[in-house]
Amino acid sequence: MIEFDNPLRSLTRTISGSHVLYLYEDLRHYIDSAAAYALTCLNQGHRILIIENDYCKKAIERKLAESWIDERLEHVHFVDNFDFYQKHGEFQGCLTRKHFESIMRPFLEEEISIRTWAHIQWKPQPHIEAKLEEFEVMADCSVKEQNLISVCAYDAKAISASLQTSLMRSHEYLMTDREFIVSGLYRNPNSERVIHPSMALQEKLLLEHKQLLIDKEAAERANRAKDEFIATMNHEIRTPMNGVLGMADLLAETTLDGDQAAYVEIIRKSGSSLLQIVNDILDFSKIGSVRESSPEEPVHIRDCVAEVADLLQAARLGKDLALDVNIEDDVPETLLGDPHPIRQILFNLLGNAIKFTQRGSISIEVSLLPGSEEGRSRLRFRIADSGAGIPRAHWRKVFQPFYQVDGGLSRGAEGTGLGLAISKKLVERMNGQIGIEPSPNGGTTIAFTVELGEFPSRARPGGSSNGPQAEA
């Protein structure tokens, strides 16, 4: 059972006698506190004796029935409080104490661990407050002698302030509907005076804490299952698919007639498409699984852009598209951060631009944003193409996972709809933003920002450091 320390649990665990005075004002809070005390005792393997009137007894039983099975409720023993305190007519402390000790004797003789809760009530009679004061002094002695833990509950509105003060001298602890404290008037105070929540609130906090731990364990199990799924996908699907593509490439190099060559090409294209879908899903899943901080290593922005442009050069030239790269002079040559997500974002965005542009050109711009914090630099990347463009109504939706502007079977380009969602996650991990900007001349323009650290002895480029420009 999940537990955490609090005064109530420490109190009910101890074997030495502890006497608690409970001055309640609201009967609903009283019921909650009594049930919470009983539940705590049951949780720790104790039995509980509750001296209570019939109305409160039924209310406490209903509370307990919500949390415990019937078998455990057999460990809760009720005694009618009016009969208990007035068994001999008017309230008489000595006789009531002896009656209490006789009820407790069978439990103590059999060494059964038991805690008590007593709701003190009485009928109008002369000198009742003096009798209560005398009784509680005797009750404190019994609690100490028998190593019990006992709560004595009084309706605070039914007794005078002077009696409340007197009762604090015979009870080690004082509890109200909202607090649980060490009694400052107890004749042998030996504990630090600290204010704690009431018993009912402590039990509520305990249950909330348990639920948080349960939710945390469930989330951790889900993450482990997700990591196992990613590993399985990586090995069980990607590896054989690479084998299929490799054999298709080898088959394409053999002597084939026209129909056979067409069949092999279909295998290669379908396999490549499926492999790309698997890769996108794995990339998207791994981003959510990464919980460690990003590494701090030198980032060469111009090299990142050039590497991505080189990787996608064959696809771009296959469609006869021009590429213009413009990196502003004030962009530092070297920064600190993680270059891998920057390359992946550029790869996704430039790949989309090539995929959805049939003719014309694509441009990449990189600039340094002003107003960055000391020791940090914010860069702005802008990728524009002359393709069909994205309708404004879809500008926000395209960054959602698996969303596609044209999701039908007749769409002109293949894909999973994960590229922009992956890019958005990576950008946000680098304290940046991503979005679509208006394009006066048509096409699509996507801009994003990232935050990187300044390199200790960074050297700014002396002149224009543009990448490949206006390549045909």
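A distance-only check finds no donor-acceptor pair linking the side chain of Ser377 to the backbone of Leu452 [under 3.5 Å]. With Gln260 contributing its side chain and Asp257 its backbone, the two residues share a donor-acceptor pair below 3.5 Å. Counting only distance, with no hydrogens or angles, the side chain of Asp177 and the backbone of His29 share no donor-acceptor pair below 3.5 Å. For the pair Arg380 (side chain) and Glu365 (backbone), a donor-acceptor distance under 3.5 Å is absent. Listed for the Asp324 side chain is no donor-acceptor partner under 3.5 Å among the backbone atoms of Ser363. Using a distance-only test at 3.5 Å, with no hydrogens or angles considered, no donor-acceptor pair links the side chain of Trp117 to the main chain of Ile48. Although no hydrogens or angles enter the test, the distance criterion places a donor-acceptor pair under 3.5 Å between the side chain of Lys157 and the main chain of Glu25. Lys319 contributes a side-chain N or O that, together with a main-chain N or O of Lys355, makes up a donor-acceptor pair within less than 3.5 Å. In this structure a side-chain-to-backbone donor-acceptor pair under 3.5 Å is present from Arg302 to Val331. Using modelled atom types, no side-chain atom of Arg115 and backbone atom of Ile149 make a donor-acceptor pair closer than 3.5 Å.
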| said: Between Glu451 and Arg378, is the salt bridge (charged side-chain N to carboxylate O under 4.0 Å, His left out) condition met? List the steps. | reply: CA-CA 4 Å; Glu451 182 180 284; Arg378 295 187 68 83; 3.2 Å; yes
| task | List the steps, then state whether salt bridge (charged side-chain N to carboxylate O under 4.0 Å, His left out) holds for Glu307 with Arg343. | result | CA-CA 8 Å; Glu307 289 169 7; Arg343 279 196 288 263; 3.3 Å; yes
| said: Applying salt bridge (charged side-chain N to carboxylate O under 4.0 Å, His left out) to Glu265 and Arg268, what does each step give before you reach the verdict? | reply: CA-CA 5 Å; Glu265 185 62 22; Arg268 294 171 65 181; 3.7 Å; yes
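Pairing each heavy atom of Leu312 with each of Gly351, the nearest pair is CD1-N, 3.6 Å. Residues Thr334 and Pro298 approach most closely at CG2-CB, 3.9 Å, considering heavy atoms. Here the shortest heavy-atom pairing between Tyr154 and Leu21 reads CD1-CD1, 3.6 Å. When every heavy atom of Ser423 is checked against every heavy atom of Ile434, the shortest pair comes out as CB-CD1, 4.2 Å. The shortest heavy-atom contact between Leu64 and Ala35 is CD2-O, 3.8 Å.
Counting only N and O atoms by type, the side chains of Ser439 and Thr445 include a donor and acceptor under 3.5 Å apart. For the residue pair Ser150 / His19, no side-chain donor-acceptor distance below 3.5 Å is found, with atom types taken as modelled.
Phe381 contributes atom CZ, which lies 12.5 Å from atom CG of Leu350 (distance to the nearest 0.5 angstrom).
With contacts defined as side-chain heavy-atom distances shorter than 4.5 Å, the pair Val325/Ile327 qualifies. The side-chain heavy atoms of Glu297 and Pro339, taken from C-beta on, include a pair separated by under 4.5 Å. His75 is listed as a side-chain neighbour of Leu42, based on a closest heavy-atom distance under 4.5 Å. Looking only at side-chain heavy atoms (C-beta outward), Ile354 and Asp385 stay at 4.5 Å or farther from each other. The side-chain heavy atoms of Thr444 and Ile383, taken from C-beta on, include no pair separated by under 4.5 Å.
Ring planes of Tyr30 and Tyr24: tilted class, angle from 30 to 60°.
A salt bridge links Lys63 to Asp32: at least one charged side-chain nitrogen sits closer than 4.0 Å to a carboxylate oxygen.
Legend: residues meeting salt bridge (Lys or Arg N to Asp or Glu O under 4.0 Å) with Arg47, ordered by chain and number and at least two apart, are absent.
Cation-pi geometry between Lys424 and Phe399 is not met at under 6.0 angstrom from the ring centre and within 45 degrees of the axis.
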